[in-house]
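What follows is a short report on a single structure.
Residue indices begin at 1 and follow the sequence shown. Quick caveat: nothing in here was measured; it's all calculated off a predicted structure.
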Amino acid sequence: QVQLVESGGGLVRPGGSLRLSCAASGSTSRIHAMGWYRQAPGKQLEFIASVSSGGSADYANSVSGRFTASRDNPRNIMYLQMDNLKLEDTAVYFCHINPRLRYSDYGLVKADPNVGSWGQGTQVTVAS
């Protein structure tokens with residue numbers, strides 16, 4: 001089993017930047033692809049980005065060109081660099097591992113909170 005802990009959320013103005021981190025512990029030798037998701041109030045869990053152990057990444061259209069996902073494999077940390085933040089980026093951000101998925105599959109499969117490992121989430125609020 002893998003445990004995930006997100007950090008780095010906060011309050012930022014539109015156009016600003018934040019960097020989220022997701023630290024993995026436990027059975028980390030089995031980690032391949034990892035993903036970022038978010039959930040805004042009253043909305044469903046939404047795929048944001050995924051990254052393979054080799055650094056290949058996939059993004060949702062809503063964040064492509066503004067967000068960058070990356071990995072530090074020796075430290076078992078995944079990052080999400082968020083630039084040019086918009087009001088609609090306000091949400092709780094989660095990291096997720098589904099050991100059955102390749103990184104390119106994360107955006108194609110509906111997120112299931114009962115499958116794989118999820119962190120507790122970190123709040124990102126974009127407000128002027």
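- Judged as a salt bridge (charged side-chain N to carboxylate O under 4.0 Å, His left out), not a single pair has a partner in residues 118-128 (not counting sequence neighbours).
- Distance check: L18 CG to D83 CG gives 9.5 Å after rounding to the nearest 0.5 Å.
- Of all heavy-atom pairs spanning A24 and L4, the tightest one is CB-CD2, 3.7 Å.
- Using a 4.5 Å cut-off on side-chain heavy atoms (C-beta onward), N98 and H32 make no contact.
- Heavy-atom minimum distance, V5 versus Q120: CA-OE1, 3.7 Å.
- When only modelled atom types and interatomic distance are considered, D58 and S104 share no side-chain donor-acceptor pair under 3.5 Å.
- Ring geometry for Y93 versus F67: interplanar angle of 30 to 60°, hence tilted.
- Closest non-hydrogen pair, Q81 versus S17, comes out as NE2-CB, 4.0 Å.
- Both V92 and W118 are assigned to one and the same hydrophobic cluster, defined by single-linkage of ILVMFWY side chains at heavy-atom distances under 4.5 Å.
- Smallest separation of non-hydrogen atoms from L80 and A49: CD1-CB, 4.3 Å.
- Nearest heavy atoms, R71 versus V51: NH1-O, 3.1 Å.
- Remark: side-chain polar atoms of S27 are not paired, donor with acceptor, to backbone N or O of V2 under 3.5 angstrom.
- Under a hydrophobic clustering in which Ile, Leu, Val, Met, Phe, Trp and Tyr are joined whenever their side-chain heavy atoms come within less than 4.5 Å, directly or via other members, L101 and Y103 fall into different clusters.
- Taking the ring centre of Y79 as origin, the terminal cationic atom of R19 falls inside the region bounded by 6.0 Å and 45° from the ring axis.
- Atom CD in Q123 sits 12.0 Å away from atom CZ in R38 (nearest 0.5 Å).
- Looking only at distances, a side-chain donor or acceptor of T122 sits under 3.5 Å from a matching main-chain atom of G9.
- Salt bridge status for R66 with D89: present, with a side-chain N to carboxylate O gap under 4.0 Å.
- Using the six-membered ring where Trp is involved, Y106 and Y37 have ring planes that are tilted, between 30° and 60° apart.
- Counting only distance, with no hydrogens or angles, the side chain of H96 and the backbone of S117 share a donor-acceptor pair below 3.5 Å.
- Using modelled atom types, one side-chain atom of E6 and one backbone atom of C95 make a donor-acceptor pair closer than 3.5 Å.
- Both M78 and Y59 are members of a single hydrophobic cluster when ILVMFWY side chains are connected at heavy-atom separations under 4.5 Å.
- R13 contributes no side-chain N or O that, together with a main-chain N or O of V126, makes up a donor-acceptor pair within less than 3.5 Å.
- Between the T28 side chain and the S25 main chain, no donor and acceptor come within less than 3.5 Å of each other.
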| Pair M34-C22, side-chain contact (heavy atoms from CB on, under 4.5 Å): steps then yes or no | CA-CA 10 Å; M34 302 177 71; C22 171; 4.1 Å; yes

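- Closest heavy-atom contact between A69 and A57: O-CB, 4.3 Å.
- Hydrophobic clustering (ILVMFWY, side-chain heavy atoms < 4.5 Å, transitive): V109 and L45 are in one cluster.
- V124 and L11 end up in different hydrophobic clusters when Ile, Leu, Val, Met, Phe, Trp and Tyr side chains are linked at under 4.5 Å.
- With a 4.5 Å cut-off on side-chain heavy atoms, S62 and E46 count as touching.
- Distance alone, capped at 3.5 Å, places no donor-acceptor pair between the Q44 side chain and the Q39 backbone.
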